[in-house]
Amino acid sequence: MRKYIFVSGGVCSSLGKGIAAASLGSLMECRGLNVRMVKIDPYINVDAGTMSPYQHGEVYVTDDGAETDLDLGNYARYTQSPLSRANSITTGQIYQEVIQREREGRYLGRTVQVIPHITDRIKQRISMIGEQPDADVTIVEVGGTVGDIESVPFLEAGRQMVHELGHENVIFVHLTLVPETAGGELKTKPTQHSVKEMREIGVQPDVLLCRASVPLDEDLRRKIALFTNVEVDAVISASDVETTIYEIPLIFHRQKLDEIVLKKLHLEAGPVDLSEWEHVVRVMRDADRTITIAVVGKYIDLNDSYKSVDEALFHGGIANDVRVELRKVDSEKLEKLDSLDAVFAGVDAILVPGGFGSRGINGMVQVANYARTRRIPYLGICLGMQVMVIEYARSVLGLVDADSTEFAPETEHPVVSLLEDQVNVKMYGGTMRLGSNESKLLPGTTIREVYGAEMIEERHRHRYEFSNSYREQLNDAGLLITAVTADDSLVESVEWKGHPWGIGVQFHPEFKSKPFAAHPLFAGFVAAACAHGGSAEEADGS
Ligand code: GLN
């Protein structure tokens, strides 16, 4: 029998439900089970592709080109669950699928309703993942907060699954908040209310994960247990972490969450091995050296906009036994400055991530110029590579109006543009190049050395490309073309000739980095930052 764990949230949003679900998934894997992760987003958008990073944080891209919620990135970092379009469910998709069936006449004249038709479709979508042959446990995270109108059909589908498959096969883990008053007292009432709200829709949570600023003591846990009808051992204290979110699997394990869940699901599993998490936390907490990396973008006001990039940098740190500190820099603000020296003082490396639209572009071009001429390690991702191309064409080739047609459609020198032959490339989305593509790394290049391979597969999410008509001119001038698509039709990466470490990639390596296995580009980039920092220290000392 397949096992399902629903993870719901109460009281308010942004309590870290995705990380809690992912941590639980990781604990199940550390027990030797095969885990599948599913995210439900109750919004009407069909996917996250059109949503602003300001509203919803980063858009995470899967191999098959789905543009999904950033929680899939958390799942990818904490678990081995395969993730594709099928693992991300939205209200928009469910209604679209049901309406399409209705139009095809597949409901045989019946009135199509939320129950049973929408809930049936939700259950089918969940089962499509849960019944994959090697799936032992499927964790279904229901986005939003209990009490929202939007999430009701999904929780109802979960309730029906408990009823149909049995309580030993389907359980509910509910994440709530235990706030602290100004006087420092922890209050359980919001938790009581949110469990009451769950009960009203027919769901009794089996486990509570209680977010709080400090660990909950035994008395408080007993009180919560009494009022919510949850066993006291299953009232887990999810207090704020000290160093890193990668501590959470360890915090949960200390309170026996894995054991409790396995027991409730009548599952036998092996002993737990958490040594990899322990190692990650040890480096992030105790490393002797701290490296500062500037991330220069335009969505820096919201913490989650470059979530996977930030995490991949931390992974690069773990691989190099150093702590990585991020300095977020708003590219738009740089445009008014005469010198970037103060902004980048003490910075060991600079990363320019992806982005859309013209705002802040000139600031990024300035940064690429700064990193190149000051010989500071630089990693440009997608847009960050495109600004490298623009900068080089302007400064070195002297094409002062060189630009991307995204920002200057009429430019005389479109060094980045929409390409005619782009249509030949395997594309999943409309006009976007989305999902995984093969690239060939050219011999004798830094990127080839970094990957230690000739052929790689990385994910894309962009419209514009390095213009092929400028390949020769730029390459000859020292902006080396270092990777191309397997058919050589598109440029996939560039590097500055003679620079200690300046690489731009058209794809998004950050989506494939893991805490236990840093992506080679991020490991290499942080290593270069360490070397740069080292040489700066020596220079200072002499
Ligand atoms: N806006 C650029 C493009 O569409 C870069 C996209 C990105 O950085 N993801 O090509």
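The chain is numbered in sequence order, starting from 1. Both counts, for ligands and for their atoms, begin at 1 and track the order of listing.
- Here the side chains of V35 and Q80 are not in contact, with every heavy-atom distance at 4.5 Å or above.
- Screening residues 380-405 for salt bridge (charged side-chain N to carboxylate O under 4.0 Å, His left out), with sequence neighbours left out, gives R372-E391, R394-D403.
- Residue pairs that meet the salt bridge (charged side-chain N to carboxylate O under 4.0 Å, His left out) test with at least one member in residues 491-519, sequence neighbours left out, are R433-E492.
- For the pair D330 and K298, the salt-bridge criterion is not met [side-chain N within less than 4.0 Å of a carboxylate O].
- Each of G354, G355, F356, C382, L383, Q386, E406, R461, H462, R463, Y464, H508 has a non-hydrogen atom positioned under 4.0 Å from some atom of ligand 1.
- Ion pairing between R463 and E406 fails under the 4.0 Å rule for side-chain N and carboxylate O.
- Residues passing the ring-ring contact (aromatic ring centres under 6.0 Å, His included) test with F314, sequence neighbours excluded: none.
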